[in-house]
Protein chains: 2
Amino acid sequence: MILKSQVEWALHCCAILAGLPEGRYLSTKALAEFHGLPKEYLSKALQSLSQAGLVHTTLGPSGGYRLARSPEELTFLDIVEAVEGKTRTFVCNEIRANNPCRPKDHCDSAPCAIARVMWGADEAWRQKLRSVTLADLGRTLAQELPPSLWQDTIDWVEDRAG
Amino acid sequence: MILKSQVEWALHCCAILAGLPEGRYLSTKALAEFHGLPKEYLSKALQSLSQAGLVHTTLGPSGGYRLARSPEELTFLDIVEAVEGKTRTFVCNEIRANNPCRPKDHCDSAPCAIARVMWGADEAWRQKLRSVTLADLGRTLAQELPPSLWQDTIDWVEDRAG
DNA sequence: CTAAATAGGGATATCCATTGTCCGTAATAG
DNA sequence: CTATTACGGACAATGGATATCCCTATTTAG
Ligand code: SF4
Ligand code: SF4
């Protein structure tokens with residue numbers, strides 16, 4: 001059970017978009033070149049972000065993507081769920097219904113204990129992702145990256161932004 | 001990103017094994033019939049449990065599986081990791097290495113901030129699973145299931161146990 | 001106005017993990 | 001000895017993830 005690589009791509013792209021000057025847009029082409037990713041396929045991930053309403057887009061030359069909300073209001077969970085979907089990682093196939101001892105008219109009112117535990121763990125995972133915003137990530141990166149690399153990256157983005 | 005169904009199967013089988021009288025064994029065949037699952041494939045899941053040391057096995061007629069430890073010492077995480085593996089759900093492909101601004105001699109000492117957040121969420125998920133034991137599950141089930149069904153199931157298992 | 005660049009989306013091919021089946025081998029109980 | 005079992009290797013079927021290609025509508029640059 002491994003998250004799709006599109007999740008990593010989307011997170012990186014959002015991290016870059018978070019540093020974009022107000023009102024500017026960055027194209028799929030620029031994002032793909034920056035990360036060394038296949039442009040067409042990365043486009044699918046960005047479309048997921050767009051459909052989820054996390055980013056805003058414009059067409060034409062100098063078009064592309066920008067964040068739809070402030071980095072303070074965009075969490076890791078938003079991005080992960082946009083790409084990976086909101087389905088819980090544990091699916092219950094109701095195999096308890098096959099229990100040969102069970103009377104035919106028996107009807108289960110509630111999800112069983114096993115499913116509840118698994119869903120609880122799933123929720124803990126989501127809660128952790130919900131607790132970190134893009135703004136938090138930006139602060140950490142600014143602290144940890146060598147200042148020159150950080151500045152060069154900002155310049156590169158600004159240069160390619162439409 | 002969805003857990004394999006073998007995880008659900010393994011959890012259900014362990015729940016049954018937890019109710020097995022001391023020293024008795026329950027075969028793949030019985031477990032498969034009880035849950036309405038393909039015997040050969042369920043066998044793979046049980047082999048995973050065996051390789052992880054969670055269950056003890058014997059061969060021959062009246063052979064099968066029993067728990068290797070007390071239900072108090074067996075957590076959901078043990079079972080999930082035995083079947084699903086211990087690999088973290090977020091894999092880092094080091095796409096930051098493709099950043100065109102990065103000097104060629106640059107060497108990343110630590111995993112980046114994005115990966116750390118994702119791995120933190122993964123750990124929260126595991127921690128939650130680690131906090132529930134098979135004994136906890138047994139107590140919940142005994143409380144929630146209709147007493148007659150509970151008793152019938154115990155009898156069925158006892159009848160099929162070698 | 002025209003041409004180039006862009007997001008979006010459908011169709012398709014490839015790869016790979018999951019799911020499932022089959023069979024041979026060694027061990028063990030009766 | 002015989003039936004039953006766990007175990008493991010080989011293999012097929014399925015489906016989701018990955019990746020590419022191409023067409024369309026829209027918008028900006030010139
Ligand atoms: S996880 Fe619970 S609800 Fe789902 S099949 Fe198993 S017993 Fe039933
Ligand atoms: S998640 Fe972090 S370590 Fe992994 S590729 Fe992205 S930046 Fe690099």
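All figures in this text were calculated on a predicted structure; none of them were measured in a lab. Keep in mind that the numbers below use all heavy atoms, side chains included, and drop hydrogens, waters and symmetry copies.
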Exercise. Starting from C1' on dA17(D), measure out to CH2 on W9(A) and report it in whole angstrom.
Key: 10 Å
Practice problem: Let me know the distance between NZ of K39(B) and C1' of dT19(C), rounded to the nearest Å. | Solution: 17 Å
Quiz item: Closer than 4.0 Å, any side-chain N/O of T57(B) to the OP1 or OP2 of dC7(D)?
Solution: yes
Quiz item: Do the side chain of T153(A) and the main chain of L149(A) share a donor and acceptor less than 3.5 angstrom apart?
Solution: yes
Quiz prompt | N/O (side chain, T58(B)) to phosphate O (OP1/OP2, dT28(C)) under 4.0 Å | solution = no
Practice problem: Not counting sequence neighbours, which residues clear salt bridge (charged side-chain N to carboxylate O under 4.0 Å, His left out) with D122(B)? List them please. | Solution: R126(B)
Quiz item: Where does the angle between the aromatic ring planes of Y25(B) and H56(B) fall among parallel (under 30°), tilted (30 to 60°) and perpendicular (over 60°)?
Solution: tilted
Practice problem: Check whether any side-chain nitrogen or oxygen of S5(A) sits under 4.0 Å from OP1 or OP2 of dT18(D), and answer yes or no. | Solution: yes
Quiz item: Counting only side-chain N and O atoms of Q6(B), is one of them less than 4.0 Å from OP1 or OP2 of dG20(C)?
Solution: no
Quiz prompt | Side-chain N,O (Q51(B)) to OP1/OP2 (dG8(D)) below 4.0 Å | solution = yes
Self-check item: Nucleotide dC15(C), atom P - distance to NZ of K4(A) in whole Å
Solution: 20 Å
Practice problem: Evaluate the ring planes of F90(B) and W119(B), with Trp represented by its six-membered ring, and classify them as parallel (under 30°), tilted (30 to 60°) or perpendicular (over 60°). | Solution: perpendicular
Self-check item: Sugar-phosphate, base or nothing in reach of S50(B), heavy atoms under 4.0 Å
Solution: sugar-phosphate
Quiz item: Under 3.5 Å, is there a donor-acceptor pair between the side chain of E72(B) and the main chain of T133(B)?
Solution: no
Practice problem: Specify the separation, in whole Å, of atom NE2 of H56(A) and atom P of dT6(C). | Solution: 17 Å
Quiz item: Atom NZ of K29(B) to atom C1' of dT4(D): distance rounded to whole Å?
Solution: 9 Å
Quiz item: What does Y25(A) touch in the nucleic acid at a heavy-atom separation under 4.0 angstrom: a base, only the sugar-phosphate, or nothing?
Solution: nothing
Quiz item: Within the pair Q47(B) and dA6(D), is there a side-chain N or O less than 4.0 Å away from OP1 or OP2?
Solution: no
Practice problem: Give the rounded distance in Å between these two atoms: CG of L49(A) and C1' of dA7(C). | Solution: 13 Å
Self-check item: Proximal nucleotide (of dT28(D), dA6(D), dA17(D)) relative to the S27(B) side chain
Solution: dA6(D)
Quiz item: Atom CD of E8(B) and atom P of dT18(C): how far apart are they, to the nearest Å?
Solution: 16 Å
Quiz item: How far apart are the C-alpha atoms of I95(A) and E8(B), what are their side-chain angles, what is the distance that settles it, and do they pass the side chain to side chain contact (heavy atoms under 4.5 Å, CB included) test?
Solution: CA-CA 9 Å; I95(A) 70 175; E8(B) 184 184 357; 3.8 Å; yes
Exercise. Using only side-chain N and O atoms of Y65(B), determine if any of them is under 4.0 Å from OP1 or OP2 of dC7(D).
Key: yes
Quiz prompt | Rounded distance (Å) that lies between atom P of dA17(D) and atom CD of E84(A) | solution = 7 Å
Practice problem: Determine whether the side chains of S43(B) and Q47(B) contain a donor N or O and an acceptor N or O closer than 3.5 Å. | Solution: yes
Quiz item: S62(A) side chain: which of dA29(D), dG8(C), dA6(D) is closest?
Solution: dA29(D)
Quiz item: Quick one: is dT20(D) close enough that its OP1 or OP2 comes under 4.0 Å of any side-chain N or O from Y41(A)?
Solution: no
So which protein N/O to nucleotides 21-26 of chain D N/O distances come out below 3.5 Å?
unit_1  : atom_1 : unit_2 : atom_2 : d
dC22(D) : N4     : E40(A) : OE1    : 3.3

Exercise. Would you classify G64(B) as touching base, sugar-phosphate or nothing, given that sugar-phosphate means primed atoms plus P, OP1 and OP2, and contacts are heavy atoms under 4.0 Å?
Key: sugar-phosphate
Exercise. Just do the side chain to side chain contact (heavy atoms under 4.5 Å, CB included) check on L37(B) and L31(B) with the steps written out, would you?
Key: CA-CA 8 Å; L37(B) 299 174; L31(B) 286 167; over 6 Å; no
